[in-house]
Protein chains: 2
Amino acid sequence: MAVTLKEVAELAGVSRSAVSRTFTDGASVSARTREKVEKAAKALGYRPSLIARSLATNRTKLIGLVANNFQNPAFLDVFDLFTSELQKRELRPLLVNLSGETSPKKIVELLRQYSVDGVIVATSTLPTSFATAFQTAGIPVIHTFGKFQANANVHVVGIDNEFCGAMAARTFSDRSYKTVALLGGPETATSTQDRSAGFRRAAKELGLRVAKVCYAENYTYQAGRDAMRDVLEDDAVEAVFCGDDLICMGAMDAARDAGKAIPEDIGFLGFNDIGMASWDAYSLTTIRQPIRDIIMSSVELVVGMVENPGRSPEIRLFPCSVIERGSLRPVTEL
Amino acid sequence: MAVTLKEVAELAGVSRSAVSRTFTDGASVSARTREKVEKAAKALGYRPSLIARSLATNRTKLIGLVANNFQNPAFLDVFDLFTSELQKRELRPLLVNLSGETSPKKIVELLRQYSVDGVIVATSTLPTSFATAFQTAGIPVIHTFGKFQANANVHVVGIDNEFCGAMAARTFSDRSYKTVALLGGPETATSTQDRSAGFRRAAKELGLRVAKVCYAENYTYQAGRDAMRDVLEDDAVEAVFCGDDLICMGAMDAARDAGKAIPEDIGFLGFNDIGMASWDAYSLTTIRQPIRDIIMSSVELVVGMVENPGRSPEIRLFPCSVIERGSLRPVTEL
DNA sequence: GATAATTTTGCAACCGGTTGCAAAAAAATT
DNA sequence: AATTTTTTTGCAACCGGTTGCAAAATTATC
């Protein structure tokens, strides 16, 4: 079916090695041979099989892309950027949908069977141990959006969630909010835990009262809407820090349903800056993480790992920023 | 590095074939041998290399998943369903981000180099000829969300866009709208062309006046917003049929900006029923395509093609339905 | 217990490439 | 023109599996 090395070699009247060398860069072939081979290859429509090549070179150019939040619009960017960034370097993403599965065992097996060159675990909800499992299996791995911990044994690219939590508290404080609430993502997510910790610590330092702390069951509009009911029980809450824009939008609609005006009666601060955050209907003030930088850095790092597996684990954190829109009252002038 | 067949064979004291056979179902191995092999394999942590296997069996279990609309939330479902549906059958999606590229040539080459077993082209914007290119290259292909045409030479799974266009016109007619507009997706997309044709034909038959026809530049909120300006020039327009929910939401916000109330002053009908369509801020009446069915059917079909490549091209169309919410006035009672 | 039928096993060739090595060819030096 | 150096080439082994085939082992039959 497919055209092979051998057929090209025969047509060109050279050895198989000669053909192979024409298609491997850095190999030594004379101009005349190369020309003959290229002509024959073209005539037959030959392209080297990467599968066969990988058997000999031990490089598949496949990168496992492991994700578990396929329902969050925030991931559209992630997929788009990862795929195009990998493609630029002639690498292919092998997509794995975790959907529920949180034990790395099976996934490691699976990607090992495909001899992927490296793996990018793109999820903010799993502990670092998930990524470490790949490391242990000898597969280069990057944990993108992963939990930052000083004694890292695996590459992590992302943000400092605790710092971002503190940033949220400061954002409230700067706008003279006194009584606030935290409406996080799922409590089991490491990002939620870190942001929550940072938020509460900073709130205490800044003299903010955190009147309510609750968590949405998942990263959906509906979960945000449901969890917001809890927050609304306390009438004193002036502003809510949400762990995700989608959750935040659900919460906003719940607040409006309860007759509250935004930002007059209650303020909202989101997280992620998804496309919809800028729509008129929400005009959400939110914390943005520099996704493009994070992803470019991750790809760069995974490539580096493949080339030099001994490389010691690195943590790369990028700064987040508050995108000012209309869901919080303005900064209080001093 | 990785454990190979040979090492397992040595430890188990059997031939390489015996090991291979224990891991290929349907092969003949005695219970005693199998046991010995399995024990040795476990001890070494052996898993057969799918890459090496594929060289001999000519099956990689890789399916190319080609998409070009990574920015539309409608695609979250598509990715989620495709990946999980393929995984269920032990197939792996090799993701290709078309992003701009509309010539199939390079993509075909690329997927051929990875010897994918089949390809799913998941896009409603490209002509069938794009998918046909894979067919010509001898790669089983399904065009999901593709253009339906009677003389198909390639499998198509999706909806009858022309019929859906007509359905939109009927939806307007049932609610006694008289003067309407069409705000389609990009004009180059085949789905837009078909829906537009169906809409206009049915409108004529039903005595609706199509006062404005315009197209958004891409499938984004902003493009919908921009294109809506054009529609708003004609004050007589009572309802707008949009080619996509995202576009529709942009259009709705543009209308509200212009001081129009929905649905009192102007009605909107969307397409796709993305998650946000049900949010309070939009409460969008929209046409839903049964994505889950379409994708399950596509996967089933691609598997069928792989097993039986001679299979003749089939068209599978699924019915769409109007999801009634609040962006159109109610059906007029007779 | 001998023979026939069936199952299991290992050998060796193959899938489609790469690559170290030594021989052959070409280029450079004297 | 002969010799040395450098470049190019083909051979053959290898990457990690599968599989047709014939021999060996087992099971069934008489």
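Note on naming: letters A, B, ... go to the chains in the order of the sequence lines (proteins, then strands), and numbering restarts at 1 for each one. Remember, it's a predicted structure, so these values are computed and weren't measured experimentally.
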[X] [atom1] to [N] [atom2], straight-line distance once rounded to whole Å:
X	N	atom1	atom2	result
B/Phe23	D/dT19	CZ	C1'	17 Å
A/Ile51	C/dT18	CD1	P	13 Å
A/Asn58	C/dT18	CG	C1'	12 Å
B/Arg47	D/dG16	CZ	P	17 Å
A/Leu55	C/dG16	CG	P	12 Å
B/Lys6	C/dC11	NZ	P	13 Å
B/Glu10	D/dG17	CD	P	13 Å
B/Lys36	C/dT8	NZ	P	14 Å

Under a 4.0 Å N-O cut-off, is there an ion pair linking [X] with [Y]?
X	Y	result
B/Asp117	B/Lys61	no
A/Glu35	A/Lys39	no
B/Glu314	B/Arg316	yes

Classify the side chain of [X] versus the base of [N] as yes if they form a donor-acceptor pair under 3.5 Å and no if they do not.
X	N	result
B/Arg53	C/dG16	no
A/Ser49	C/dC15	no
B/Arg16	D/dG17	yes
B/Arg21	C/dG10	yes

Contact class for B/Val29 vs. all strands (heavy atom < 4.0 Å): base, sugar-phosphate, or nothing?
-> sugar-phosphate
Could you tell me whether B/Thr4 contacts a base, only the sugar-phosphate backbone, or nothing, with contacts defined as non-hydrogen atoms closer than 4.0 Å?
-> sugar-phosphate
Please work out whether the ring planes of A/Phe70 and A/Phe79 are parallel, tilted or perpendicular, with thresholds of 30° and 60°.
->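 Because their plane-to-plane angle lies in the 30° to 60° range, the rings of A/Phe70 and A/Phe79 count as tilted.
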Looking at C/dG17, C/dT8, D/dG10, which one has an atom nearest to any side-chain atom of A/Ala18?
->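 The answer is D/dG10.
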To the side chain of B/Ser17, which of C/dG17, C/dA12, C/dT19 is closest?
->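 Shortest atom-to-atom distance from the side chain points to C/dA12.
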Please state whether the phosphate of D/dT9, meaning OP1 or OP2, lies under 4.0 angstrom from any side-chain nitrogen or oxygen of A/Ser30.
->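 Result: yes.
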Any side-chain N or O of B/Ser28 less than 4.0 Å from the OP1 or OP2 oxygen of C/dT8?
->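 Yes.
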On DNA chain D, check which nucleotide each of A/Ser15 and B/Tyr46 is closest to and give me the residue with the more 5' one.
->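 Closer to the 5' end of DNA chain D: A/Ser15.
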CA sep, side-chain torsions, deciding dist, call: A/Glu38, A/Lys42, salt bridge (Lys or Arg N to Asp or Glu O under 4.0 Å) = CA-CA 6 Å; A/Glu38 275 170 354; A/Lys42 189 160 210 174; over 6 Å; no
Between A/Arg32 and A/Leu5, whichever has its closest DNA chain C nucleotide further toward 5' is A/Leu5
